[in-house]
Amino acid sequence: MTRLSASEHGQVRQLQLPQACAINKRKFLGIENVGMAKPYDFKTIEAKWQRIWEERDTFRVTEDPGQPKYYCLEMYPYPSGKNHMGHLRNYSIGDVVARYFQMRGYNVLHPMGWDSFGLPAENAAIEHGLHPATWTYENIAYMRKQLKRMGFSYDWEREITCSEPDYYRWNQWLFLKMHEKGLAYKKPAFVNWCEVCQTVLANEQVEGGRCWRDESEVVQKELEQWFFRITAYTEELLGGVDHLPGWPERVKTMQRNWIGKSVGAEVNFPLVNGESPITIFTTRQDTLFGATFMVLAPEHPLALHLGEGKADVQAFIKRMRAEDRVVRTAADTEKEGVFTRAYAINPLTEEKIPIWVANFVLLEYGTGAIMAVPAHDQRDFEFAQKYKLPIRVVIQPEGGGLSGEDLAKAYEDEGVMVNSGPFNGLATPEGREAVVRHLEERGIGKGAVNYRLRDWGISRQRYWGTPIPIIYCDECGAVPVPYTDLPVLLPTDVEITMKGGSPLARVEGFVNTRCPTCQGPARRETDTMDTFVDSSWYFLRFCNPQAEDQAVEKAKVAYWMPVDQYIGGIEHAVLHLLYARFFTKVIRDLGLVPYGEPFVNLLTQGMVCKETYRCPTHGYRLPQEVDSTGRCTACGQPAEIGRTEKMSKSRKNVVDPDELLDRYGADTARLFSLFAAPPEKDLEWSDKGVEGAFRFLNRVYRLVDGWARQLSKSPTHFSFTALTVGRPVYQKAHLTIKKVTEDLDRDFHFNTAIAALMELVNVLGQFQISGDPGEEAERRYVGRFAAETLLVLLAPFAPHQAEELWERLGHDRSIFKESWPTHDAEVIQREEILVVVQVDGKLRSRIFLPAHAGEDDLRSAALLDSRVQTWLRGKQIKRVVVVPKKLVNIVTEE
RNA sequence: GCCGGGAUGGCGGAACAGGAAGACGCGACAGACUCAAAAUCUGUUGGGCCUUCGCGCCCGUGCGGGUUCGACUCCCGCUCCCGGCACCA
């Protein structure tokens with residue numbers, strides 16, 4: 001018996017081919033004259049259709065209020081040189097989405113552009129002696145060509161290049177608008193400084209104390225910098241996360257973590273000497289009675305003051321301030337402190353408690369000062385043990401029994417308040433509220449919220465970016481460049497050295513200017529903007545990329561926005577995706593967009609990985625540098641084999657897209673990257689898998705091309721009820737429509753959609769379009785219907801081949817003008833259903849019944865089945881569970 | 001430590017609402033075609049068992065329990081892997 005998938009079991013017998021058919025198989029496959037099966041000529045076909053799409057402006061879109069819109073956007077690339085497989089995967093996913101929605105009748109906006117400002121251009125300038133612009137624009141030209149070779153359905157008329165004045169002038173415009181509203185401001189601050197990049201980095205660009213670009217250690221430097229007040233939107237950015245059902249949970253979690261909201265209280269601790277009190281922030285105000293000392297951050301202004309005339313305190317503060325902050329603030333750094341010999345009063349116990357200065361308290365979180373509750377905070381506990389400070393239990397867990405003397409570690413969980421005067425007996429949640437109320441009544445504190453999120457530092461001491469439109473005048477201070485003077489052009493004659501501060505500072509013609517207010521001599525700001533500013537609103541610009549007099553054109557943006565589907569890498573979960581949300585809210589408040597959230601649905605595609613070989617002495621090796629026994633060919637040592645890691649040049653496990661395209665073509669590259677894994681999971685590259693995709697496309701090609709001539713004579717109508725030999729194939733085609741459509745609608749399950757197409761091709765491979773003259777009309781009708789269905793469903797995945805074969809079937813209109821098919825529920829209705837019979841939950845028999853069989857029919861048929869009866873012998877039937885049209889389970893008495 | 005995600009054949013992965021575990025592909029094995037190879041086509045392919053080779057039986061979705069007629073799926077308790085945050089008060 002031919003094995004087919006379970007769902008088609010009922011059709012199996014009808015699909016059997018008599019042995020004699022094998023003789024004619026070559027003929028039916030259209031290869032009888034070929035002698036040898038040649039692969040289809042993807043080079044000619046792909047080039048042909050790319051040319052036709054371009055000539056016919058197939059993917060040009062304009063606003064059309066009469067048609068539902070769909071905005072499909074993939075994160076635009078940084079033009080680093082060549083596209084890598086991650087890009088191609090990202091854009092292949094996006095292209096299927098865009099083409100699918102187009103066929104579903106949507107007006108689809110699918111644009112592409114270049115995130116073309118950034119540091120690598122400056123590095124390349126030094127390395128290769130090229131101007132950053134030259135290097136960037138050569139890369140763009142190359143990468144654009146690659147994308148076109150992939151056949152992506154972009155509206156290239158909307159291409160955006162961020163490094164062009166017609167784009168970055170609007171960065172400056174937005175900066176000025178934000179400056180007007182107090183959302184852009186300058187302040188001195190400790191900032192992250194990367195020695196390699198010679199620039200400041202935003203908090204979001206520091207990962208584990210290292211630069212996100214070059215992974216070098218980041219140091220802290222105090223500099224005067226421009227900031228965007230993202231914290232003005234903290235609550236909205238946090239709350240909005242709850243209203244993004246189309247975003248992956250992990251991205252939302254990351255954003256919540258990054259914003260880091262803590263709810264608690266601020267409490268004032270008066271000083272014994274009567275000076276103004278120390279304010280602390282705590283989330284555990286219910287432990288206030290257990291605060292036996294206080295700790296200030298070394299940078300806290302009061303620390304120096306209290307340490308006046310105390311050499312050891314001064315020395316400690318000096319040493320701590322000089323210490324590398326990344327090291328000092330690491331969790332495993334030993335706690336260290338010094339007693340100021342000053343005292344504060346615990347406002348609830350009215351006890352005198354000592355004030356310390358210690359390394360583990362951070363100025364930038366909360367108020368830079370803490371109350372220490374050693375019994376209920378592990379850090380305070382460790383500190384108290386080291387310096388012999390009192391430990392007092394004020395929270396008892398259920399069952400109690402804790403005492404300060406024999407505590408081995410802090411009890412940080414919730415419990416019941418003890419040793420807390422009027423609050424004794426309250427559980428932690430109520431205690432928290434009660435203490436806040438008490439503090440507020442007595443005016444010694446208040447409920448407070450703290451966030452981890454800091455304002456976004458955007459100044460970069462680099463050349464290849466947007467000039468910040470500010471002029472410094474000795475008389476008038478920092479003066480914004482008037483709107484009418486925009487853009488502030490980035491000068492082209494600049495020397496890039498990567499040392500000695502902002503390159504623009506050395507361009508006299510740029511720096512020296514006149515004050516817009518007093519006309520006196522003045523100097524321009526020489527820092528440029530973080531490149532993340534460009535990507536924070538580019539999706540709005542795509543709606544009106546050519547607008548010369550405004551950043552965003554209200555009506556067009558209102559039509560296209562929000563982005564219906566955004567697709568990109570998880571690495572931007574916080575960075576870009578947080579900034580873009582912030583900018584959208586700012587621009588909304590400028591009255592230019594009706595939405596505060598830019599991206600309705602977000603798909604974070606997985607990385608592209610490949611096996612990696614590593615030799616202990618020679619590092620990463622190419623597969624050919626490792627012999628069959630797994631030893632490095634250079635030194636003979638056993639190499640680490642087959643570990644799957646993200647593709648990267650340094651790991652020597654990359655696949656070059658150009659080679660892939662030369663060898664297999666765009667359709668194969670697309671199909672494999674969509675088939676090998678669901679889009680959100682990592683994709684393990686497999687050369688064999690690519691060949692599998694290529695083989696599949698060849699099968700489709702031979703099949704449809706082989707049929708094409710005969711199918712031109714097909715009848716256009718045939719009654720379903722009259723179908724006989726072609727019936728199962730016709731049904732399979734309808735089932736495939738259903739499956740592919742559902743898979744695309746349900747979170748873009750491309751891999752299973754493609755699997756369904758493969759199943760259909762497998763069935764069609766067994767079907768003949770000629771035969772008995774009496775059957776010929778039916779066979780051709782069914783063959784044509786199935787082949788056309790296959791092509792239409794395949795079109796979003798392998799567009800070139802679908803177009804080509806569509807044309808060969810006699811169509812003169814693009815397959816993308818076809819509307820997406822719908823399945824006929826009556827057709828896929830089976831005449832016969834397979835019922836699974838279980839005895840005590842174990843599969844014991846299968847029976848075929850007419851589709852209209854009811855529950856009672858199922859029950860009696862199951863009980864009558866001879867195999868079931870064997871299993872029932874000597875047993876008492878307890879009950880019979882019937883699942884309509886599916887299953888019968890006979891439960892017996894033991 | 002807190003938060004999120006995950007674990008299914010030799011491999012990538014299916015199984016939609018609790019109802020046939022392993023679709024589809026890769027690899028492997030066999031056969032057809034061929035002088036031969038490649039390509040193509042056709043089968044077989046989770047593990048084990050058998051004087052019965054069957055529409056056969058037993059086991060099987062990280063581990064241990066539970067709910068249920070029935071669990072990859074739900075509940076409780078673990079292990080391991082991946083990711084985010086973290087001396088954050």
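Quick note on labels: first sequence line is chain A, next is B, and so on, each numbered from 1.
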For every nucleotide of nucleotides 51-58 of chain B, 5' to 3': is a protein heavy atom under 4.0 Å from its base (B), only from its sugar-phosphate (S), or from neither (-)? ----SSSS
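- With no hydrogens or angles considered, no side-chain donor-acceptor pair links Asn889(A) and Arg879(A) at under 3.5 Å.
- Atom CZ of Arg670(A) and atom CG of Leu697(A) lie 11.0 Å apart (nearest 0.5 Å).
- Using a 4.0 Å heavy-atom distance criterion, Val373(A) is classed as making no nucleic acid contact.
- Residue-to-nucleotide proximity on RNA chain B shows that, of Ala693(A) and Val836(A), the 5′-proximal contact is made by Val836(A).
- Counted within 6.0 Å of CD on Gln869(A), heavy atoms from surrounding residues, nucleotides or ligands total more than 12; the atom is thus considered enclosed.
- Here the separation of G5(B) from A20(B), taken at their C1' atoms, is 30 Å to the nearest Å.
- For Ile93(A) against Pro679(A), the heavy-atom pair with the smallest separation is CD1-CB, 3.7 Å.
- Counting only Watson-Crick and G-U wobble pairs whose two distances sit under 3.5 Å, RNA chain B takes part in these stems of three or more pairs: B:1-7 with B:79-85, B:10-12 with B:24-26, B:27-32 with B:40-45, B:46-49 with B:56-59, B:62-66 with B:74-78.
- Going from atom CD of Glu299(A) over to atom C1' of C88(B) covers 15 Å, rounded to whole Å.
- Taking atom P in both A17(B) and A30(B), one finds a spacing of 42 Å when rounded to whole Å.
- Of the N and O atoms on the side chains of Asn653(A) and Glu611(A), not one donor lies less than 3.5 Å from an acceptor on the other residue.
- When the nucleotides U42(B), C24(B), C87(B) are ranked by their closest atom to the side chain of Leu362(A), C87(B) comes out on top.
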Base-contact (B) and sugar-phosphate-only (S) positions in nucleotides 9-17 of chain B, heavy-atom cut-off under 4.0 Å, - elsewhere: ---BSSSB-
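- For Arg452(A), counting side-chain heavy atoms from C-beta on, the closest listed nucleotide (A86(B), C87(B), U42(B)) is A86(B).
- Here the separation of A71(B) from U67(B), taken at their P atoms, is 12 Å to the nearest Å.
- The CD atom of Glu382(A) sits 9.0 Å away from atom CZ of Phe360(A), with the distance rounded to the nearest 0.5 Å.
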From CA spacing to verdict: side-chain hydrogen bond (donor to acceptor under 3.5 Å, both in side chains), Arg699(A), Asn762(A): CA-CA 9 Å; Arg699(A) 290 185 74 193; Asn762(A) 290 343; 2.7 Å; yes
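- A straight line from CG of Leu757(A) to P of G25(B) spans 12 Å, rounded to a whole angstrom.
- Remark: C1' of C87(B) and CD of Glu412(A) are 11 Å apart, rounded to the nearest angstrom.
- Comparing the same atom, C1', in C16(B) and in C11(B) gives a spacing of 25 Å after rounding to whole Å.
- Nearest heavy-atom pair, Ala375(A) versus Arg392(A), reported as atom, atom and distance to 0.1 Å: CB-O, 3.2 Å.
- Partner of Glu412(A) under the side chain to side chain contact (heavy atoms under 4.5 Å, CB included) criterion, out of Thr287(A), Asp377(A), Ile395(A): Asp377(A) alone.
- Residues meeting the side-chain contact (heavy atoms from CB on, under 4.5 Å) test with Lys446(A), sequence neighbours left out: Glu266(A), Glu440(A).
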Can you tabulate the close N/O pairs, meaning under 3.5 Å, that link protein atoms to atoms of nucleotides 68-70 of chain B?
residue : atom : partner   : partner atom : Å
C69(B)  : OP1  : Arg879(A) : NH1          : 3.0
C69(B)  : O2'  : Asn889(A) : ND2          : 3.2
C69(B)  : O2   : Asn889(A) : ND2          : 2.4

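- OP1 or OP2 of C26(B) lies within a sub-4.0 Å distance of a side-chain N or O belonging to Arg695(A).
- Closest heavy-atom contact between Leu348(A) and Phe289(A): CD1-CE1, 3.4 Å.
- The neighbour count for Lys878(A) NZ, taken as heavy atoms of other residues, nucleotides or ligands under 6.0 Å away, does not exceed 12.
- Atom P of G77(B) sits at a distance of 29 Å from the matching atom of A21(B), rounded to the whole Å.
- At a threshold of 4.0 angstrom between heavy atoms, the contacts of Glu334(A) include nucleobase atoms, whether or not backbone atoms are also involved.
- For the C1' atoms, the distance linking G27(B) with G10(B) amounts to 8 Å, nearest Å.
- Contact annotation for Gly260(A): no contact, since no heavy-atom pair falls under 4.0 Å across all strands.
- Checked by atom type and distance alone, the side chain of Lys610(A) never pairs as donor or acceptor with a backbone atom of Glu645(A) at under 3.5 Å.
- Between the C1' atoms of G48(B) and C69(B), the separation comes to 28 Å (whole Å).
- Distances shown here put every side-chain N or O of Asn762(A) at or beyond 4.0 Å from the OP1 or OP2 atom of A23(B).
- Asp687(A) and Trp685(A) are linked by a side-chain donor-acceptor pair at a separation below 3.5 angstrom, with hydrogens and angles left out of the test.
- Glycosidic conformation at C55(B) (O4'-C1'-N9-C4 for purines, O4'-C1'-N1-C2 for pyrimidines): syn, within 90° of 0.
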Between protein and nucleic acid, restricted to nucleotides 78-84 of chain B and to nitrogen or oxygen atoms under 3.5 Å apart, what atom pairs and distances do you find?
residue : atom : partner   : partner atom : Å
G84(B)  : N2   : Asn257(A) : ND2          : 3.3
G84(B)  : N3   : Asn257(A) : ND2          : 3.3

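- Note that OG of Ser262(A) and OH of Tyr365(A) are 3.0 Å apart. Values are rounded to the nearest 0.5 Å.
- Across all non-hydrogen atoms, the minimal contact from Phe293(A) to Ala384(A) is CE2-CB, 4.0 Å.
- Atom CD in Glu249(A) sits roughly 19 Å away from atom P in C2(B) (whole-Å rounding).
- G9(B) has its base syn relative to the sugar, with a glycosidic angle deviating from 0 by at most 90°.
- Arg256(A) has its CZ atom 13 Å from the P atom of C3(B), to the nearest Å.
- If you take CZ of Phe360(A) and C1' of A86(B), they are 15 Å apart, rounded to a whole angstrom.
- Distance NZ (Lys886(A)) to C1' (G18(B)): 10 Å, rounded to an integer number of Å.
- Not a single donor-acceptor pair under 3.5 Å links the side chain of Arg846(A) to the backbone N or O of Val835(A).
- For the P atoms, the distance from C74(B) to C55(B) is 37 Å, rounded to whole Å.
- Asp687(A) places its CG atom 11 Å from the P atom of G27(B), with the value rounded to the nearest Å.
- Gln731(A) places no side-chain N or O within 3.5 Å of a backbone atom of Ile828(A) that could act as its donor or acceptor partner.
- Tyr387(A) and Phe383(A) have tilted rings, their planes meeting at an angle from 30° to 60° on a 0 to 90° scale.
- Projected onto RNA chain B by closest heavy-atom contact, Thr282(A) and Ser686(A) fall at different nucleotides, the more 5' of which corresponds to Ser686(A).
- OP1 or OP2 of C41(B) has at least one side-chain nitrogen or oxygen of Arg702(A) nearer than 4.0 Å.
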